[in-house]
Amino acid sequence: ETMHFLFRLVISFYLWGFFTAQGQKKEESTEEVKIEVLHRPENCSKTSKKGDLLNAHYDGFLAKDGSKFYCSRTQNEGHPKWFVLGVGQVIKGLDIAMMDMCPGEKRKVIIPPSFAYGKEGYAEGKIPPDATLIFEIELYAVTKGPRSIETFKQIDTDNDRQLSKTEINLYLKREFEKDEKPHDKSYQDAVLEDIFKKNDHDGDGFISPKEYNVYQHDEL
């Protein structure tokens with residue numbers, strides 16, 4: 001796998017991204033996310049689904065005046081954003097708007113407040129209360145999500161359907177060895193402890209399929 005280790009590690013065990021679920025409110029609403037397909041490739045053998053890892057650029061605008069509040073091309077040295085679809089790493093409206101997209105597809109979507117930042121807004125992101133948002137999205141890649149069944153089985157070396165600290169430590173060791181920059185054992189230990197702090201919800205010292213895989217655990 002050519003993907004850099006630190007990216008795989010972060011995306012596997014943490015939720016990140018500019019448009020987090022922060023500030024979102026669950027509101028009953030009849031509003032809908034409106035999707036306009038600007039370009040769709042003729043050959044499309046795979047479309048995005050919940051749990052897939054997507055690579056995309058997107059620009060965000062306020063519908064009321066057309067002002068741009070976000071541009072992914074100005075972040076992270078211009079590299080497209082990576083995120084897992086359908087698990088809350090982006091606002092609900094984007095999770096909906098980017099379903100069933102082809103690599104190479106472009107969309108313009110209108111997201112009402114109830115599927116974005118609601119009545120609270122998001123001051124840090126320069127989004128006022130009750131703001132309808134417009135995004136122009138270009139999808140580059142659709143790949144299997146990092147918390148896939150295959151990865152769980154790869155880590156679960158004794159096939160007991162749960163991940164122990166020993167198993168995850170061995171997995172981290174292999175992944176660290178692939179990394180371009182060496183890290184000492186104390187760093188690996190800190191990562192391991194943080195993984196269990198964030199994922200071992202019942203505190204039993206193991207990460208269950210449900211704790212590990214937030215969207216497909218019923219297949220295990």
**Study point:** Gap separating the OG atom of Ser67 from the CD1 atom of Ile134, nearest 0.5 angstrom
**Key:** 10.0 Å

**Study point:** Side-chain H-bond candidate by donor/acceptor type, Gln162 with Ser208, under 3.5 Å
**Key:** no

Check your understanding: Under 3.5 Å, is there a donor-acceptor pair between the side chain of Thr143 and the main chain of Leu53?
Key -> yes

Revision key, fill the gap. Residues Pro103 and Pro41: closest non-hydrogen pair is O-CG, 3.3 Å

Review point. Taking the side chain as C-beta and beyond, is there a heavy-atom pair between Asp202 and Glu211 under 4.5 Å?
Key: yes

**Study point:** Separation between CZ of Phe61 and CG of Asp59, rounded to the nearest 0.5 Å
**Key:** 4.5 Å

Review point. Are any side-chain N or O atoms of Asp52 and backbone N or O atoms of Lys49, one a donor and one an acceptor, separated by less than 3.5 Å?
Key: yes

Check your understanding: Would you say Asp156's side chain and Arg161's backbone share a donor-acceptor pair under 3.5 angstrom?
Key -> yes

Check your understanding: With a 4.5 Å limit on heavy-atom distance, are the side chains of Lys50 and Leu85 in contact?
Key -> no

Review point. Any donor and acceptor pair, going by atom type alone, linking the side chain of Ser48 with main-chain N or O of Met98 inside 3.5 Å?
Key: yes

Practice item. Kindly state each residue pair satisfying side chain to side chain donor-acceptor pair (under 3.5 Å) with at least one member in residues 33-43, sequence neighbours excluded. Key: Arg40-Glu105

Review point. Is Phe115 close to Leu133 at the side-chain level, that is, under 4.5 Å between some pair of heavy atoms?
Key: no

Check your understanding: Under a 4.5 Å cut-off applied to non-hydrogen side-chain atoms, are Ser72 and His79 in contact?
Key -> no

Check your understanding: If you take all heavy atoms of Ile168 and Phe196, which pair is closest and at what distance?
Key -> CD1-CE1, 3.8 Å

Exercise for review: Locate the shortest heavy-atom distance separating Ala131 from Pro128; write the atom from each residue and the value.
Suggested key: CB-O, 3.3 Å

Side-chain polar contacts of residues 135-142 - donor-acceptor pairs under 3.5 angstrom, sequence neighbours left out - could you list them?
unit_1	atom_1	unit_2	atom_2	d
Glu138	OE1	Arg73	NH2	3.4
Glu138	OE1	Tyr140	OH	3.3

Review point. Between the side chain of Arg107 and the main-chain N/O of Ala97, is any donor-acceptor distance below 3.5 Å?
Key: yes

Point to revise | Lys81 to Tyr58, cation-pi by 6.0 Å centre distance and 45° axis angle | key: no

Practice item. Measure across Pro112 and Thr132 and return the closest heavy-atom pair with its distance rounded to 0.1 Å. Key: CA-OG1, 4.2 Å

Check your understanding: Does the Asp204 side chain pair with the main chain of Phe206, one donor and one acceptor, at a distance under 3.5 Å?
Key -> yes

Review point. Can you tell me if Glu120 uses its side chain to pair, donor with acceptor, with the backbone of Asp130 under 3.5 Å?
Key: no

Review point. Quick check: does any side chain N or O of Asp189 sit under 3.5 Å from a backbone N or O of Glu193, one acting as donor and the other as acceptor?
Key: no

Review point. Are the side chain of His57 and the backbone of Gly78 linked by a donor-acceptor contact shorter than 3.5 Å?
Key: yes

Review point. To the nearest 0.5 Å, how far apart are CG in Asn169 and NZ in Lys173?
Key: 9.0 Å

Check your understanding: Is any side-chain heavy atom of Leu54 less than 4.5 Å from a side-chain heavy atom of Trp82?
Key -> no

Revision key, fill the gap. Between Ile111 and Leu94, the two heavy atoms sitting closest are CD1-N, 3.7 Å

Practice item. Identify the two heavy atoms, one from Asn55 and one from Pro80, that lie closest to each other, and give their separation to 0.1 Å. Key: ND2-CB, 3.3 Å

